[in-house]
Asks: 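Dropping the structure in here first, questions after.
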Amino acid sequence: MPQFSSHLSSAVLGVSNILHLQQFHAQLIQHALHRHDYWVARLIAFCTRFHAPSDYTRIFDSTHQPGVMVFTNMLRYYSKCGGNSEILTLFEEMQRCGLKPDECVYPVLIKAAGKGGVLFHSQFVKMGLDCGKYIRNALINAYGKYGPIEAGRQLFDEMTERSVADWNAIILGYWNWGSEGEAKRLFDLMPDKNVITWTTMVSGYSKMKDLENARSYFDRMPEKSVVSWNALLSGYAQNGFSEEALSLFNEMVSTGVTPDETTLVSVISSCSSCGGPALAESVVNTLGDRGVRLNLFVKTTLLDLYAKCGRLEMAQKIFNELGVHRSSVTWNSMISAYMRTGDITAARELFDQMPEKNVVSWNSMIAGYAQNGRSSLAIELFKEMIKEQIMPDEVTMASVISACGHLGALELGNWVVNFINAHHLKLSLSGLNSLIFMYSRCGSMNEAKMIFNEMETRDVVSHNALITGFAAHGNGVEALKLLEKMKDEGIKPDRITYIGVLTACSHSGMLEEGRKVFESIKAPDIDHYACIVDLLGRVGKLDEAKRVIKEMPVSPHVEVYGSLLNACRIHKRVDLGEFAANKLFELEPENAGNYILLSNMYASARKWKEVDRIRELMKTRGLMKTTDGAGWKLKRKMQAAGYIADKSNVLRDVEDEDKEEMVGTHSEKLAVAFCLLVSEPGTVIRVVKNLRICWDCHTAIKMISKLEKREIIVRDNNRFHHFKDNVCSCNDYW
DNA sequence: GTAGGGTTAG
């Protein structure tokens, strides 16, 4: 140390926060030493330690001729508190000043270079330089982060003396590459573990969702730091254990540990499912009083919390206040906020304005479109993404496959599957679930079953997707088998499972089995009642159906009466049909379908007067214009044949589509949906029994065959219609 | 003076 006043030398030892730092800086100015290399370097080191805001770095600008030490500490500051671009700029400046990087600079550079950091290694070897211990540690870290981890291990093994930091680096590396076993082996072998070693284990188990082990290492730690608490806290928060996270936070506070910004992020994000904005606000306020600042992470988390709790105006407020400081996560969170409320226009505007989109931005938009019933927009955006050469990931794929399923676009779906294979992408659990859904939706039950059987782990959604597929295809036996199988595997059926199984029973006329399933439901909800009413109705047990409706603990909704009405039509029970229809007229006076159904029922009972009465009723209620005959006829026929559930999502989706989304008239849309639903390339389209291809359908299929350039064969009773190149072999309808 | 913890999308 240079010869300075002993007063300063002892004063520097007492600097332990930013305020001290400012006071000390003032003292240096008094002694005219504030531009001296040694002291500037020390000041910058303090800035790094206290995470001082970047305007403190003016200290650096005030030096006349910064030496290596000042540059190095400044680089360290940027490495911890700033960005990598500043590091590279500063490094270039350093070289311009004719200063040679030394052993202390390289570790910073290796870290800043990211993936390229490991290139330094070969450089050193080529130059015949011996890597010092800090450089070697930085290299092990780089290999641990970007691979190959084996290269890091080799470095580690070759070392004659290993520091705690080296052990920690290699253990972390193994966790990064998912090698729990090797990480644990080295941990057990390690002679002197410190708090970082233990925290690495806690965080490793947290990240692989093994919270029991994370907790057990946490409890066994000889000492804990804030980071240790945060590691476990984030493990709970990110895996949906919000209550555990909040109670751990309480434990943390009562132990006397001072939480920091990172703590806040986990706590606030847990509040979105537990406690809500009020709890988050009170935590923010109490910690704010203790001097915890709200950084960008915290503000973004808060924004997300408000958005998830329906307080869009607060989310928007934070978004506006952040201005240019917004990160891409902030943007993405706001996009999802709008998508959640169904405001796809506002979401799109943000997406277009966003300065730097990442894959999550694209995923948020694609998923948002898909969830708002705009599957074709989702797929359009996906195609745009490919065109822009943005690499989709497993999340993109899950949404896109699901959108294909909703559209019944099997060919596109198969293209996506090929894309996944070609780019060696892995499908996540939800991606595979989407795939089962898509195949089921497109009528490819064999493929759906194959995917299901090949899955390593299956959850309740996987089972539901397949069961719903069986239901749509009237395969009650398989649906029931799967219900039993999932129970055996310890997967608890949920309400969707039971809707699927009951629908399957209904579509295959399995009365007794359906009854048994219904009775086994602990707390049947209104949809389950609708299913059992449908089942009873279809097999002709109409009075029993009516009794069930009467005894329902909740007031029946449209689906319940709709099922009953449909059953009355099939079984020609005009009396009960009138009862159901009148209820429906009360519940949804605007739905012309109910009137049509009742009118058809009268027609089949040859009660022509009543038919006219209903027609008049519709006219006076102004409902005639929405009932362009062919479309409804098609829908009714499909319903009558039991091929598609009464409230099939396909039909609903098509009806919900905006006009711009599909070409053709309303009835053609129905036809298109129908065709896409049952078609599969290379197979003959099965047309539901008694359904003749009407003119609309004919047009629509021609359109599909032209657009998709595919050959479609449709069997209509005993005739075959062969569609190819905009021509149909059987043109009776023209 | 090397090492551990954080927000968004299915």
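Reminder, nothing fancy here: chain letters follow the sequence lines and each chain counts from 1. Reckoned from all heavy atoms, side chains included, excluding hydrogens, waters and symmetry mates.
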Asks: ring-ring contact (aromatic ring centres under 6.0 Å, His included) for A/W198 and A/F218? Distances and angles first, verdict last.
Replies: CA-CA 7 Å; A/W198 284 92; A/F218 180 80; over 10 Å; no
Asks: Considering every strand and a 4.0 Å limit on heavy-atom distances, what is the contact class for A/N73: base, sugar-phosphate, or nothing?
Replies: nothing
Asks: Assign the ring pair A/F351 / A/W362 to parallel, tilted or perpendicular, where the plane angle (0 to 90°) is split at 30° and 60°.
Replies: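 Rings of A/F351 and A/W362: perpendicular, over 60°.
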Asks: For A/R162, which contact category applies under a 4.0 Å heavy-atom criterion: base, sugar-phosphate, or nothing?
Replies: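 It contacts nothing in the nucleic acid.
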Asks: As an exercise, state the distance from SG of A/C404 to CE of A/M397, rounded to the nearest 0.5 Å.
Replies: 10.0 Å
Asks: Can you tell if the side chain of A/D37 reaches within under 4.5 Å of the side chain of A/V40, non-hydrogen atoms only?
Replies: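 No. Closest side-chain heavy atoms not under 4.5 Å.
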Asks: Just to be sure I understand the rule, does A/N194 reach a base, reach only the sugar-phosphate, or reach nothing, if contact means heavy atoms closer than 4.0 Å?
Replies: base
Asks: Using a heavy-atom cut-off of 4.0 Å across all strands, would you classify A/S234 as base, sugar-phosphate, or nothing?
Replies: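 Sugar-phosphate contact only - A/S234 comes under 4.0 Å of backbone atoms but never of a base.
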Asks: A/W175 versus A/Y205: any side-chain heavy-atom pair under 4.5 Å?
Replies: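 Result yes, sub-4.5 Å side-chain heavy-atom pair found.
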Asks: Checking side chain to side chain donor-acceptor pair (under 3.5 Å) against A/Y174, which of A/E182, A/R153, A/R185 comes through?
Replies: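 Answer after filtering A/E182, A/R153, A/R185: A/R153.
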Asks: Mind checking if A/T301 touches a base, just sugar-phosphate, or nothing, with heavy atoms under 4.0 Å?
Replies: sugar-phosphate
Asks: Would you mind classifying the nucleic acid contact of A/S225 as base, sugar-phosphate or nothing, using non-hydrogen atoms under 4.0 angstrom?
Replies: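 A/S225: base contact, heavy atoms under 4.0 Å.
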Asks: Contact class for A/E261 (heavy atom, under 4.0 Å): base, sugar-phosphate, or nothing?
Replies: base
Asks: Using a 4.0 Å heavy-atom cut-off across all strands, classify A/Q371 as base, sugar-phosphate, or nothing.
Replies: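 Sugar-phosphate: the residue A/Q371, judged by heavy atoms under 4.0 Å, touches backbone atoms but no base.
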Asks: Please find the earliest and latest nucleotides of DNA chain B, in the 5' to 3' direction, that have an atom within less than 4.0 Å of any heavy atom of chain A.
Replies: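 Reading along DNA chain B, I get B/dG1 to B/dG10.
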Asks: Contact class for A/V195 vs. all strands (heavy atom < 4.0 Å): base, sugar-phosphate, or nothing?
Replies: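 It contacts base atoms.
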Asks: Okay, side chain of A/K308, backbone of A/S273: is any donor-acceptor separation there less than 3.5 Å?
Replies: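 Looks like no, no N/O pair under 3.5 Å.
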Asks: Report which part of the nucleic acid A/K133 touches: base, sugar-phosphate, or nothing (heavy-atom distance under 4.0 Å, all strands).
Replies: nothing
Asks: Across the strands shown, which category fits A/K357 at heavy-atom distances under 4.0 angstrom: base, sugar-phosphate, nothing?
Replies: nothing
Asks: NA contact type, A/N433, heavy-atom cut-off 4.0 Å: base, sugar-phosphate, or nothing?
Replies: nothing
Asks: Any base atoms under 4.0 Å from A/K207, or only sugar-phosphate, or nothing? Heavy atoms, all strands.
Replies: sugar-phosphate
Asks: Does A/A138 reach a base, just sugar-phosphate, or nothing at all? Heavy atoms under 4.0 Å.
Replies: nothing
